[in-house]
Amino acid sequence: MTWASWTTRGVYSGHGGVLTEEVGPLSGDLTIHTTWAEGTAQITVQYTDAADWFTMAGSPVPCPSEEASRALHAAAVEAVRQGSAATVPPVHSGSERAAGEATAE
C-alpha cells in the first residue's frame, strides 16, 4: 500500500475560517493534515495543539497520485488562509508542486 502524509501547523484562517463536517466552521490558529492512500485524500483540521481533529468539508476526495495530494494539501492550506468557510479545493493532477510549507510525515 502506497501512502503519504502532509501536515502544516500554525495556519491562521481568514475571516469565516474553514468549514468542517462535524462542528461547522473553525477559525484561528489551525493545523491542516492530509493523508493520501490508494487514490484518496483525506483532509482534517484541528486547533493547533488540540487533541480533536475534524474533517474538512468535502473530504475525502479522489486523488490520483502522491504528487497531486501534495498539491491538494498546499491548496487546502491556502484556502484556509483565505477563509470564507473554506472547503476542500478541486484536485489537480499533473506536475504541480507547491512551495514547501508542509512537511512529510
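Residues Pro64 and Val91 have side chains in contact (heavy-atom distance under 4.5 Å, counting atoms from C-beta outward). Ile43 has its side chain within reach of Leu72: a pair of non-hydrogen atoms, C-beta onward, lies under 4.5 Å apart.
Ser65 and Ala68 make their closest contact through OG-N, 3.0 Å (heavy atoms, listed as atom of the first residue, atom of the second, distance). Smallest separation of non-hydrogen atoms from Ser69 and Trp6: OG-NE1, 3.4 Å. Shortest non-hydrogen contact noted between Ala76 and Pro89 is N-CG, 3.7 Å.
Looking at residues two or more places apart in sequence or on another chain, you find a side chain to side chain donor-acceptor pair (under 3.5 Å) between Thr35 and His33. Residues passing the side chain to side chain contact (heavy atoms under 4.5 Å, CB included) test with Thr87, sequence neighbours excluded: Leu19, Ala57. The side chain to side chain donor-acceptor pair (under 3.5 Å) search around Glu21 returns none, not counting sequence neighbours. Every side chain to side chain donor-acceptor pair (under 3.5 Å) that Thr34 has, sequence neighbours left out, goes to His73.
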Do any side-chain atoms of residues 48-56 form donor-acceptor pairs under 3.5 angstrom with protein atoms, and if so which ones, sequence neighbours left out?
| unit_1 | atom_1 | unit_2 | atom_2 | d |
| --- | --- | --- | --- | --- |
| Thr48 | OG1 | Asp29 | O | 3.4 |
| Thr48 | OG1 | Asp29 | OD1 | 2.9 |
| Thr48 | OG1 | Leu30 | O | 3.1 |
| Thr48 | OG1 | Thr31 | N | 3.4 |
| Thr48 | OG1 | Thr31 | OG1 | 3.0 |
| Asp49 | OD1 | Arg9 | NH1 | 3.1 |
| Asp49 | OD1 | Arg9 | NH2 | 2.9 |
| Thr55 | OG1 | Glu22 | OE2 | 2.8 |

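Once rounded to the nearest 0.5 Å, the distance linking CD of Glu66 with OG of Ser5 reads 10.0 Å.
Hydrophobic clustering (ILVMFWY, side-chain heavy atoms < 4.5 Å, transitive): Trp36 and Ile32 are in distinct clusters.
The stretch residues 34-45 participates, sequence neighbours left out, in no salt bridge (Lys or Arg N to Asp or Glu O under 4.0 Å) pair at all.
Although no hydrogens or angles enter the test, the distance criterion places a donor-acceptor pair under 3.5 Å between the side chain of Ser13 and the main chain of Gly28. Not a single donor-acceptor pair under 3.5 Å links the side chain of Ser27 to the backbone N or O of Gly17.
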